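All figures in this text were calculated on a predicted structure; none of them were measured in a lab.
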Amino acid sequence: MHTFKKKGEFDALRKKTFVRFDEGEAKLVLTTALNELADNEIERNPNDFLARDRRVTVPLLEGAAERSDVFKLTEHDVDRYVLEYLEQAEKALRDIRRKEVGDEQAAEEERRGQKSDHEYAADADTRREARAK
């Protein structure tokens with residue numbers, strides 16, 4: 001992971017994801033929802049938002065946005081963008097690891113990494129029982 005970050009792969013993936021979000025419809029949906037939320041909050045409590053200093057108003061609006069479901073859809077969209085690049089990231093990580101430890105050990109690590117959650121839980125139970133004995 002350290003080598004992956006040092007080579008700039010992590011930053012490249014982060015930038016690709018941001019560009020995808022910035023150019024996509026998700027950004028427009030988020031900004032529209034935030035603007036509507038701010039307008040509704042100001043209409044509901046004009047004295048709380050318009051009469052106060054901006055340094056007080058901004059955190060109030062941020063809190064209202066956090067309590068609403070405004071960010072849920074955007075989080076889902078960003079997760080989807082990340083998943084699009086996940087395969088590339090895994091391939092790059094596995095290539096780095098293969099160069100560090102060799103083909104055989106990397107293949108073994110990949111095989112172990114393919115375990116399901118159920119298999120991990122069963123292995124953990126087996127080890128726990130062995131320690132108890």
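The cluster map of Ile, Leu, Val, Met, Phe, Trp and Tyr, joined by side-chain heavy atoms under 4.5 Å apart, puts Val29 and Val82 in different clusters. One hydrophobic cluster holds both Ile42 and Val56 under the rule that ILVMFWY side chains link at heavy-atom gaps under 4.5 Å.
Counting non-hydrogen atoms of neighbouring residues, nucleotides and ligands closer than 6.0 angstrom, the CG atom of Asp117 reaches no more than 12 such neighbours. Within a 6.0 Å sphere centred on CZ of Phe10, heavy atoms belonging to other residues, nucleotides or ligands number 12 at most. Residue Lys27 places its NZ atom among 12 or fewer non-hydrogen atoms of other residues, nucleotides or ligands, all under 6.0 Å distant. For Glu87, the CD atom counts as loosely surrounded, since its 6.0 Å shell holds 12 or fewer non-hydrogen atoms of other residues, nucleotides or ligands.
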Evaluate the criterion side chain to side chain contact (heavy atoms under 4.5 Å, CB included) for residue pair Gln105 and Glu100; output intermediate values, then yes/no. CA-CA 10 Å; Gln105 187 174 348; Glu100 288 178 356; over 6 Å; no
Which is it for Lys15 and Asp11 under the salt bridge (charged side-chain N to carboxylate O under 4.0 Å, His left out) test, yes or no, and what are the steps along the way? CA-CA 6 Å; Lys15 287 176 185 175; Asp11 286 335; 5.8 Å; no
Run the salt bridge (charged side-chain N to carboxylate O under 4.0 Å, His left out) check on Lys133 and Glu129 step by step: do they pass? CA-CA 6 Å; Lys133 289 180 183 180; Glu129 289 173 6; 5.8 Å; no
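Closest heavy-atom contact between Tyr81 and Phe21: CE1-CA, 3.5 Å. Smallest separation of non-hydrogen atoms from Thr31 and Leu28: OG1-O, 3.1 Å. When all heavy atoms are compared, the tightest approach of Asp77 to Ala26 is OD2-CB, 3.3 Å.
Distance check: Glu36 CD to Glu41 CD gives 13.0 Å after rounding to the nearest 0.5 Å. Once rounded to the nearest 0.5 Å, the distance linking CG of Asn40 with OG of Ser68 reads 10.0 Å. Between the CD atom in Gln88 and the CG atom in Leu93 there is a gap of 12.0 Å [rounded to 0.5 Å]. Distance check: Glu75 CD to Asp69 CG gives 10.0 Å after rounding to the nearest 0.5 Å. If you take OG1 on Thr32 and CG on Leu37, they are separated by 12.5 Å, rounding to the nearest 0.5 Å. Separation of atoms NZ (Lys91) and CD1 (Ile96) is listed at 11.0 Å; rounding is to 0.5 Å.
A donor-acceptor contact shorter than 3.5 Å links the side chain of Glu119 to the backbone of Ser116. In terms of modelled atom types and a separation under 3.5 Å, the side chain of Arg67 and the main chain of Gly63 share a donor-acceptor contact.
No side-chain heavy atom of Lys16 sits less than 4.5 Å from a side-chain heavy atom of Glu84. Contact of the Tyr85 side chain with the Thr17 side chain is registered, since non-hydrogen atoms from C-beta on lie closer than 4.5 Å.
Among the candidates Val78, Leu73, Asn35, Val70, the single residue satisfying the side-chain contact (heavy atoms from CB on, under 4.5 Å) test with Leu30 is Val70.
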